[in-house]
Participant: 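After the structure tokens below, expect a handful of questions from me.
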There are 2 protein chains.
Amino acid sequence: MKKKARDPEAASVAKIKKAAHKVFLQKGFASTTIRDIAEAAGTNVALLNYHFGSKKNLFEEVMLEKIRELLGRLTPIFTNETTTLEQKVNGLVDSYIDFLLNDPDLVTFILNEIRKGNFDFIVKARLDELVHQSFFMKQLKEASGDVNPIQFLFSIVAMIIFPFVARPVIIQTKLVDQDAFQQMMLERKKLIPLWINQILNGKK
Amino acid sequence: MKKKARDPEAASVAKIKKAAHKVFLQKGFASTTIRDIAEAAGTNVALLNYHFGSKKNLFEEVMLEKIRELLGRLTPIFTNETTTLEQKVNGLVDSYIDFLLNDPDLVTFILNEIRKGNFDFIVKARLDELVHQSFFMKQLKEASGDVNPIQFLFSIVAMIIFPFVARPVIIQTKLVDQDAFQQMMLERKKLIPLWINQILNGKK
DNA sequence: AAATGATTTAATCAAATGATTAAAATATAT
DNA sequence: ATATATTTTAATCATTTGATTAAATCATTT
């Protein structure tokens with residue numbers, strides 16, 4: 001595909017990845033054409049093929065990069081054995097919301113690609129291990145009483161992620177506008193940990 | 001497209017719609033071919049065109065039918081002026097979860113099609129009006145104190161919908177299996193109203 | 001059994017798309 | 001300056017796909 005690495009090449013590769021990320025997020029894998037990407041990157045299909053070989057290859061490189069970035073932020077929080085459950089929920093909510101505010105369509109996109117069967121790229125990330133073997137789950141289990149701790153995990157992640165999943169709907173239907181959405185998500189950084197506390201304590 | 005209505009015709013139309021619903025949900029609009037649908041329906045592309053004219057037409061007919069069915073269940077709950085907020089949350093959670101258990105991929109599907117720009121079919125459903133002008137929102141606003149009631153609406157809907165959005169991920173990663181998922185959602189019918197109560201009361 | 005409508009078969013069209021190639025042009029390193 | 005790497009242009013190929021058609025077959029009604 002290529003033989004030596006120089007500066008301009010790296011710039012092109014980055015430019016293409018950035019454009020691909022944008023277009024894939026907008027249109028999904030199937031609806032995106034390599035011509036779309038080439039145009040968005042201000043280049044041509046021949047160069048995409050020169051650097052990435054195929055559309056699927058480009059897609060996987062781009063997505064894997066994003067997933068790794070997110071996991072890189074969450075893992076230290078999940079596995080930390082010195083912080084309390086409350087601190088972890090705080091950190092989780094804070095990091096997660098910040099990350100997604102920066103990339104608002106990522107969640108819906110990933111979930112959908114998985115639903116369609118494109119989950120090679122996420123299986124490689126091994127996030128089940130993170131959930132199952134983490135210190136966080138151990139702590140959550142202790143706080144859950146006789147309710148399955150997964151029920152609480154669902155609700156925590158739901159309250160973080162769902163607004164991003166619903167975002168296109170609520171913006172399209174003018175329920176909330178772009179700025180108000182951002183504002184609400186920042187407000188949620190405080191609300192969600194509070195709510196989780198009330199839920200976990202309320203059941204004792 | 002057709003001239004007279006008889007029995008076998010109606011059966012064919014239903015058969016095609018059912019197959020289309022199934023395939024569209026599995027693969028999304030762009031990835032689904034009319035040949036896929038024809039095969040799933042045990043028929044042929046010529047008949048699809050005979051009855052529906054185009055792929056997009058078939059898609060919109062099928063999706064609109066589903067949306068209307070869901071709204072038909074939720075509207076009476078949202079607009080009822082004789083029930084308490086607590087009763088509404090109970091009814092909402094119960095109806096919504098029942099509906100989605102019957103059609104587990106519908107949510108992800110709809111959200112994604114909207115994200116891709118295929119929202120003609122949902123704009124027609126006017127669900128913004130339902131949310132804004134409903135008696136439910138009036139009651140929720142009263143219970144919300146100085147927090148934006150939309151924050152609570154997000155969380156209520158999130159806790160109902162999110163597990164269905166995450167379902168493909170959690171089943172794929174073997175976090176929870178099919179049966180356990182069903183069981184947990186039934187359990188959630190009791191948990192969510194309880195939690196919402198705790199959250200709404202906790203902030204007084 | 002004749003007529004009408006519904007369905008199938010089989011083929012074809014035009015357009016879009018992923019992929020590939022050759023050749024020219026451009027930039028960079030040494 | 002020369003060689004090498006990168007990028008562009010432009011064209012082409014094979015496939016897939018949505019759409020359409022004509023003719024044959026099947027089912028139902030009358």
Participant: Expressed as a whole number of angstroms, how long is the span from A/Ile37:CD1 to C/dA19:P?
Facilitator: 10 Å

Participant: For the ring pair A/Phe59 and A/Phe24, is the centre-to-centre distance below 6.0 Å?
Facilitator: yes

Participant: Measuring from B/Ser155:OG to B/Ile150:CD1, what's the distance to the nearest 0.5 Å?
Facilitator: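 So the gap between those two atoms works out to 11.5 Å.
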
Participant: End-to-end bend of the helix from C/dA1-D/dT30 to C/dT30-D/dA1 (five-pair axes, 10° rounding)?
Facilitator: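 Nearest ten degrees gives 20° for this helix.
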
Participant: B/Thr79: which residues meet the side chain to side chain donor-acceptor pair (under 3.5 Å) condition with it, sequence neighbours left out?
Facilitator: none

Participant: Let me know the distance between CD of A/Glu39 and P of C/dG18, rounded to the nearest Å.
Facilitator: 14 Å

Participant: How would you list, by chain and number, every residue that makes a salt bridge (charged side-chain N to carboxylate O under 4.0 Å, His left out) with B/Arg73, sequence neighbours excluded?
Facilitator: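 Salt bridge (charged side-chain N to carboxylate O under 4.0 Å, His left out) list for B/Arg73, sorted by chain: B/Glu69.
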
Participant: Which residues pass the salt bridge (charged side-chain N to carboxylate O under 4.0 Å, His left out) test with A/Lys189, sequence neighbours left out?
Facilitator: A/Asp94, A/Asp98

Participant: What string of B, S and - do you get for nucleotides 13-25 of chain D, 5' to 3', if B is base contact, S is sugar-phosphate-only contact and - is no contact with any protein heavy atom under 4.0 Å?
Facilitator: ----BBBBB----

Participant: Check whether any side-chain N or O of A/His51 sits under 4.0 Å from OP1 or OP2 of D/dT7, and answer yes or no.
Facilitator: yes

Participant: Roughly how far apart are B/Phe164 CZ and B/Met185 CE, rounded to 0.5 Å?
Facilitator: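 So the CZ of B/Phe164 and the CE of B/Met185 are separated by 4.0 Å.
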
Participant: Output the rounded distance in Å from CG (B/Leu47) to C1' (C/dT7).
Facilitator: 6 Å

Participant: Find the distance B/Phe52:CZ to C/dT7:C1' and express it as a whole number of Å.
Facilitator: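 So the two atoms are 14 Å apart, to the nearest Å.
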
Participant: Checking B/Glu65 now: which residues fulfil salt bridge (charged side-chain N to carboxylate O under 4.0 Å, His left out) with it, not counting sequence neighbours?
Facilitator: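 With sequence neighbours excluded, B/Glu65 shows a salt bridge (charged side-chain N to carboxylate O under 4.0 Å, His left out) to B/Lys17, given in chain and number order.
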
Participant: Side chain of A/Asn44: nearest nucleotide among C/dT8, C/dT7, D/dT8?
Facilitator: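 That would be D/dT8.
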
Participant: In this structure, are over 12 heavy atoms from other groups packed under 6.0 Å from B/Glu187 atom CD?
Facilitator: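 Count over threshold, so yes.
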
Participant: Taking only the side-chain nitrogens and oxygens of A/Tyr50, find out if one of them lies under 4.0 Å from OP1 or OP2 of D/dT7.
Facilitator: no

